[in-house]
Amino acid sequence: MSKIKTPQAIRGTQDIFGPDAEAFAFVVETFERVRKLYRFRRVEMPVFEKTEVFSRAIGETTDVVSKEMYSFEDRGGESLTLRPEFTAGIARAFLTNGWQQHAPLKVATHGPLFRYERPQKGRYRQFHQIDAEILGAGEPQADVELLAMADQLLRELGIEGVTLHLNTLGDAHSREVWRRALIEYFAAVRGELSEDSQERLEKNPLRILDSKDPRDRQFVADAPKIDVFLSDEARMFFDAVTSGLDAAGVNWTRAEGLVRGLDYYRHTAFEFIPDEGSAAAAALGSQSTILGGGRYDGLLYSLGGPHTPAVGWAAGIERLAMLVGEKEPTATDVIVVAESDDMIPKAIGALAKFRELGFSADLIASGSPRKRFDKAVKTPASAIVSLRTSVEGVTSNFRGSNPKASEVEAAWNAMRHNI
RNA sequence: GCGAUCGUAGCUCAGUUGGUUAGAGCGCCGGUUUGUGGUACCGGAGGUCGGGGGUUCGAGACCCCUCGAUCGCCCCA
């Protein structure tokens, strides 16, 4: 007889259980509650799309598309991709379902995403995000609304030591002029940059600004600032965002080096990042951004739609869960113990009644009869009802002294002769 | 794609410069004690030491390969 080898989980996937799963659920529940306060409508999206949805949105040639997506061919030979982000799919749905009629449309969703990357702390191949978007809104108030929600969410999750880092990339023209200035500036010191940044100079010069290499950092401080290149309109937009945040009571800090890699981003870019030396920073390792987003006025057009302004953010549920602290599962209201096997039918009857009455209830009726009560005692519960047979006949014992236990006891006294 | 560290029981881990039959705690199963009880004690099951090859009289330990995990780099939509 050949021993069957247990299949292994896919690299980068997680089986979340116990306190981690409780923390995960807490994040999702809090998000659902807060998004309703801000009147974001729930949407459910497919987990896969035609590959072009993402390749057009993100850019055909980037490493991101060519190497880091989970793409495959279906039986008809069409290239499909497991969603690596929510935004492109939502933008596609906005166009294909005629959601323009609802603009400005505030939507929120959450669920699994997939990226073909090497796993490390806070990064998995299947991971989970919460996501909020406002489509068809070009006003800075939309940015403020979105950021106020993000800020309140983090507070309601009890996450501290995290600050909103805010930047503007300007409009398309300001951004392009700034980009050229950066290339010129860094090209002049090319030989002194890190190898990585010499390559970035060709592929993605803005990224040099947030390089971790000290060889680059010495030049970053004096690099050209976007502010110099902002058009009047772009400056007014950013001023409206920041004054709106101040009015909403959202703390923020200017981060001139914060950039986005993709061309469709305009104006606002932001990340919530743990403060240096905070507990949150220590808990997250090198993956420090816990919530990020920006304005992507160019995206819907790149998917073949009309020019449509939009802004959104997403946050990794796993990373947030790491910051919310231990979440113990809630205690069971009542544990029913059948201390002998002949009590099992009565115990099952009691269980059914307790659950009908809205009490959470669980049964212990296996293993050594002598140890069943001890098992119940070790289980977190408000109350225990234990059934056994003795020379006097059926006896029951109630244990527990707290408000919930009193409710359980009243219910038990009412049902005990009818089970 | 690159680098570092790690892999011994269900879990957390010990195991000396290579040396007899691989251990502990917790958990699990059973028994004794207690008998309105969260106690204590006794016993049991469970390991091809991630896998393969090599060095050696002898490998959990040393070498090579491989698989996996963790953390970091690149990338970060």
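None of the values given here were measured: they were computed from a predicted structure.
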### Message
Does A/Y296 reach a base, just sugar-phosphate, or nothing at all? Heavy atoms under 4.0 Å.
### Response
nothing
### Query
Between A/E117 and A/S286, which is nearer to the 5' end of RNA chain B once each is assigned its nearest nucleotide?
A/S286
### Task
Check for a donor-acceptor pair, side chain of A/D297 on one end and backbone N or O of A/A310 on the other, with a separation under 3.5 Å.
yes
### Task
Return the value, rounded to whole Å, for the distance between atom CG of A/D216 and atom P of B/C74.
10 Å
### Message
Distance check, C1' atoms only: B/G25 and B/U8, in whole angstrom units.
### Response
15 Å
#### Entry: Protein-nucleotide distance (A/K67, atom NZ; B/C74, atom C1'), rounded to Å
9 Å
### Query
Is there a Watson-Crick or G-U wobble partner for B/G38 with both distances under 3.5 Å, and which nucleotide is it?
none
### Summary
Answer for the Watson-Crick or wobble partner of B/G68, both distances under 3.5 Å, is B/C6
### Task
Indicate for each nucleotide in nucleotides 25-33 of chain B, in 5' to 3' sequence, whether protein heavy atoms under 4.0 Å reach the base (B), only the sugar-phosphate (S), or nothing (-).
----SBBS-
### Query
Using atom C1' of each nucleotide, how far apart are B/G46 and B/U55 to the nearest Å?
33 Å
### Query
Taking atom C1' in both B/G23 and B/G15, what distance in whole Å separates the two?
7 Å
### Message
Between A/S340 and A/D342, is the side-chain hydrogen bond (donor to acceptor under 3.5 Å, both in side chains) condition met? List the steps.
### Response
CA-CA 6 Å; A/S340 51; A/D342 56 347; 2.7 Å; yes
### Query
Over how many whole Å does the gap from A/Q120 atom CD to B/C74 atom P extend?
10 Å
#### Entry: B/C63 versus B/U16 - spacing of their P atoms, nearest Å
15 Å
### Query
If you measure from the C1' atom in B/G53 to the same atom in B/A14, how many Å do you get, rounded?
28 Å
### Message
Heavy atoms only, 4.0 Å cut-off, all strands: where does A/G285 land among base, sugar-phosphate and nothing?
### Response
sugar-phosphate
### Message
Using the P atom as the point on both nucleotides, what is the distance between B/U34 and B/C41, in whole Å?
### Response
15 Å
### Query
Applying the side chain to side chain donor-acceptor pair (under 3.5 Å) test to A/H110, which of A/R42, A/R35, A/Q129, A/E44 qualifies?
A/R42
### Task
Return no unless some side-chain N or O of A/Q8 is found under 4.0 Å from OP1 or OP2 of B/G68.
no
### Summary
Taken to the nearest whole Å, CG/A/D213 to C1'/B/C74 is 12 Å
## Note on the structure
The Watson-Crick or G-U wobble partner of B/C73, with both key distances under 3.5 Å, is B/G1
### Query
Any side-chain N or O of A/R200 less than 4.0 Å from the OP1 or OP2 oxygen of B/C74?
yes
### Query
Which base, if any, makes a Watson-Crick or G-U wobble pair with B/G23, both distances under 3.5 Å?
B/C13
### Any-strand Watson-Crick or G-U partner of B/U48, both distances under 3.5 Å
none
### Message
Would you say A/S386 places a side-chain N or O within less than 4.0 Å of OP1 or OP2 belonging to B/U36?
### Response
no
### Message
Checking the side chain of A/R125 only, and the main-chain atoms of A/P119 only, is there a donor and an acceptor separated by less than 3.5 Å?
### Response
no
### Message
Does the Lys NZ or Arg CZ of A/R175 fall within the cation-pi geometry relative to A/F229 - under 6.0 Å from the ring centre and within 45° of the axis?
### Response
no
### Task
Indicate whether any N or O donor in one side chain lies under 3.5 Å from an N or O acceptor in the other, for A/T163 and A/D275.
yes
### Task
Determine: side-chain N/O of A/R118 to OP1/OP2 of B/G1, distance under 4.0 Å, yes or no.
no
### Query
Below 4.0 angstrom from OP1 or OP2 of B/C76, is there any side-chain N or O of A/R207?
yes
### Message
When you measure from the side chain of A/T379 to the backbone of A/K375, do you find a donor-acceptor pair of N or O atoms at a distance under 3.5 Å?
### Response
yes
#### Entry: Interatomic distance where CG belongs to A/D196 and P belongs to B/C2 [whole Å]
15 Å
### Between B/C2 and B/G60 - P atom distance, rounded Å
32 Å
#### Entry: Flag for A/T332-A/D362: side-chain donor and acceptor within less than 3.5 Å
no
### Query
Hey, does the side chain of A/Y185 reach the backbone of A/F219 with a donor-acceptor pair shorter than 3.5 angstrom?
yes
### Query
OP1 or OP2 of B/G72 less than 4.0 angstrom from a side-chain nitrogen or oxygen of A/K121, does that happen here?
no
### Task
Pick base, sugar-phosphate or nothing for A/Q129, based on heavy-atom distances below 4.0 Å to the nucleic acid.
nothing
### Nucleotide B/G1, atom C1' - distance to NZ of A/K203 in whole Å
12 Å
#### Entry: Separation of the C1' atoms in B/C29 and B/G35, to the nearest angstrom
23 Å
### Message
Strictly by Watson-Crick or wobble contacts shorter than 3.5 Å, is anything paired with B/G60, and which nucleotide is it?
### Response
none
